[in-house]
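Worksheet: the structure to be examined is printed underneath.
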Amino acid sequence: MPKIELKNVYKIFGEDPQSVLPLVQNGATKEEILEETDHTVGLDNVSISVEEGETFVCMGLSGSGKSTLIRHINRLIDPTEGEVLVDGVNVLEFNESELLELRRHKMSMVFQSFGLFPHKTVIQNVAYGLEVQDKPLEERTRISEEQIKAVGLNGFEHQYPSELSGGMQQRVGLARALATNPGILLMDEAFSALDPLIRNDMQEQLVELQSKLHKTIVFITHDLDESLKLGDHIGILNGGRLVQVGKPEEIIMNPADDYVAAFVKDVNRAKVMRAKTIMLSAEQNPLNGKKSAETLKVNENSFVEEFLPIVLEQHSLVEVIDKQGNTMGFITEKEIAKSLSKS
Ligand SMILES: Nc1ncnc2c1ncn2[C@@H]1O[C@H](COP(=O)(O)OP(=O)(O)OP(=O)(O)O)[C@@H](O)[C@H]1O
Ligand SMILES: [Mg+2]
């Protein structure tokens, strides 16, 4: 069962969304709706399915509906039509107390602007969600100290947010979100306010934390590199419509339309394409039974960039193996060239 699902969600902003809904359902675009009805289409028939433990990245230009989408998950926004399911349950049917439970225990949000309390110290900020849950002080302190350590901020417990750099403040935001041990993290442009080097650090830290924690993460960004680094799947929004969903390499290889193609055109493919995506199957072994001394064994999940230099230098054949060391397939220079070419 998916952890999070949106089913045919429409969100129309304006005086009378219901009256405009049929027009949207009949295919009118966001521009047409605005022109003709003075309503704004936030989401237009969006369906997504996010598996437990994966990072789903939602990407798109400004105004494409990313924040609108993520806010449906914790019901900061209710849809004009459609269903929102968490753990298979339609959260639109929740009463007040079920909704509080959902927001306090099942999910946390990390914001672009950090959203820290300026008059609370680091540890008080991190402990906030636990305080709301009425956890005793001793437990709050113990958990918060662990989380502060996990994001590399030990020693800063009693500083105030204004005494920290942007990157450090966002680490506090992340520690606060993790403190209540939610299954779901909602991150809306969480790293977009940081300068590039710090942003890179944060991305790496999130990848590392996620490899241990296996949270279900919905991450919003308009940065392609960030989405490729973080996303198990990427969904691309344009004018409220979800124009493509796929694994990073699928999106790079087969952009669904010109809008997606424009996003991916400058990407360094060697950083994104994995051995298993481009290999010939084991039966297509180009050696045809002959043994080669020049075989380079690489894990199926290796990126092309990791073995490209060796192949170029030594003209070796790449043998792709799984975790157990079994042969899965082969890669020659031809497959590499194909994977890196843009047509
Ligand atoms: N409360 C609202 N009232 C009216 N229109 C809204 C409201 N919230 C969002 N919109 C409109 O819905 C569309 C999607 O907005 P949204 O904030 O989801 O975009 P976004 O992809 O998050 O953009 P950004 O990258 O700038 O954050 C926009 O056209 C916006 O003007
Ligand atoms: Mg937004």
Side-chain angles (χ1 to χ4, degrees), residues 4 6-21 23-25 27-48 50 55-82 84 91-92 107-115 166 170 173-174 177 184-196 199 202-203 217-231 233-245 251 256-257 259-260 262-264:
I4 302 167
L6 267 62
K7 288 189 179 170
N8 307 102
V9 169
Y10 291 84
K11 179 65 189 180
I12 298 159
F13 295 102
E15 291 276 296
D16 187 6
Q18 286 300 338
S19 71
V20 173
L21 182 63
L23 298 174
V24 179
Q25 288 175 325
T29 65
K30 177 170 170 150
E31 292 74 28
E32 290 163 352
I33 294 293
L34 186 63
E35 174 83 29
E36 286 162 27
T37 71
D38 210 23
H39 283 64
T40 304
V41 178
L43 294 177
D44 181 351
N45 197 15
V46 168
S47 298
I48 61 166
V50 183
T55 302
F56 185 96
V57 173
C58 181
M59 199 171 66
L61 297 178
S62 185
S64 59
K66 305 180 297 295
S67 296
T68 304
L69 185 154
I70 208 169
R71 288 177 191 158
H72 275 81
I73 300 170
N74 57 3
R75 279 197 59 193
L76 290 177
I77 295 180
D78 281 351
T80 306
E81 175 144 309
V84 180
V91 300
L92 301 172
M107 52 184 71
S108 300
M109 198 147 180
V110 184
F111 302 92
Q112 176 171 3
S113 52
F114 318 142
Q170 194 55 302
L174 189 55
I184 297 170
L185 279 184
L186 305 176
M187 305 180 74
D188 188 351
E189 302 265 11
F191 301 156
S192 302
L194 307 174
D195 62 57
R199 184 170 187 172
M202 291 298 289
Q203 291 162 355
I217 302 177
V218 179
F219 192 103
I220 285 178
T221 181
H222 47 249
D223 183 85
L224 179 71
D225 281 334
E226 186 164 77
S227 70
L228 296 173
K229 224 179 273 178
L230 302 176
H233 287 95
I234 299 173
I236 299 181
L237 281 168
N238 182 12
R241 291 177 180 161
L242 193 65
V243 290
Q244 189 167 13
V245 183
I251 295 202
D257 61 14
Y259 177 82
V260 182
F263 262 109
V264 305

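On a predicted model such as this, the values are computed, not experimentally measured, just so you know. In listed order, ligands and their atoms are each counted from 1.
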Open item on the list: In this structure, does ligand 1 have an atom that sits under 4.0 Å from one of the heavy atoms of Lys30?
Closed with: yes
- [ ] Looking only at protein heavy atoms, identify the closest one to atom 25 (O) of ligand 1 and say how far it is in Å.
- [x] Lys66 NZ, 2.8 Å
Open item on the list: Would you say that Gln170 contacts Val110 through its side chain, given a criterion of any heavy-atom pair below 4.5 Å between the two side chains?
Closed with: yes
- [ ] Please identify which atoms of ligand 1 are closer than 4.0 Å to at least one heavy atom of Thr40.
- [x] 11 (C), 12 (O), 29 (O)
TODO: With the side chain counted from C-beta on, respond yes when Val41 and Tyr10 share a heavy-atom pair under 4.5 Å apart, and no when they do not.
DONE: no
TODO: Give the atoms of ligand 1, by number and element, whose distance to some non-hydrogen atom of Gly65 is under 4.0 Å.
DONE: 14 (C), 18 (O), 19 (O), 20 (P), 21 (O)
Task: Whether His39 side chain and Asp16 backbone form a donor-acceptor pair below 3.5 Å - done: yes
Open item on the list: Quick one, Arg241 and Thr29 - any side-chain contact, counting heavy atoms below 4.5 Å?
Closed with: yes
Open item on the list: Do Leu186 and Asp188 have side chains that approach each other closer than 4.5 Å (heavy atoms only, starting at C-beta)?
Closed with: no
TODO: Run the numbers for me: atoms of ligand 1, each under 4.0 Å from some heavy atom of Thr68, listed by number.
DONE: 14 (C), 15 (O), 16 (P), 18 (O)
Open item on the list: Using modelled atom types and a 3.5 Å cut-off, is there a donor and acceptor pairing between side-chain atoms of Lys66 and backbone atoms of Phe219?
Closed with: no
Open item on the list: So for ligand 1, is Val41 a polar contact partner (N or O within less than 3.5 Å, distance only)?
Closed with: no
- [ ] Could you list which atoms of ligand 1 come closer than 4.0 Å to a heavy atom of Leu61?
- [x] 21 (O)
Open item on the list: For a 4.5 angstrom cut-off between non-hydrogen side-chain atoms, does Pro79 reach Leu43?
Closed with: no
TODO: Please report which non-hydrogen protein atom sits nearest to atom 6 (C) of ligand 1, along with the residue it belongs to and the distance in Å to one decimal place.
DONE: Phe13 CD1, 3.3 Å
Task: Any side-chain heavy-atom pair of Tyr259 and Ile236 under 4.5 Å - done: yes
Open item on the list: Taking backbone and side chain together, does Ser67 place any N/O/S atom at a distance below 2.8 Å from the Mg ion (ligand 2)?
Closed with: yes
Open item on the list: Return the closest protein heavy atom for atom 26 (O) of ligand 1 as residue, atom name and distance.
Closed with: Ser62 OG, 2.5 Å
- [ ] Identify the protein heavy atom lying closest to atom 23 (O) of ligand 1, giving its residue, its atom name and the separation to 0.1 Å.
- [x] Gly63 N, 2.8 Å
- [ ] Return the option from Gly60, Ser67, Gly239 holding the heavy atom at the smallest distance from atom 27 (O) of ligand 1.
- [x] Ser67
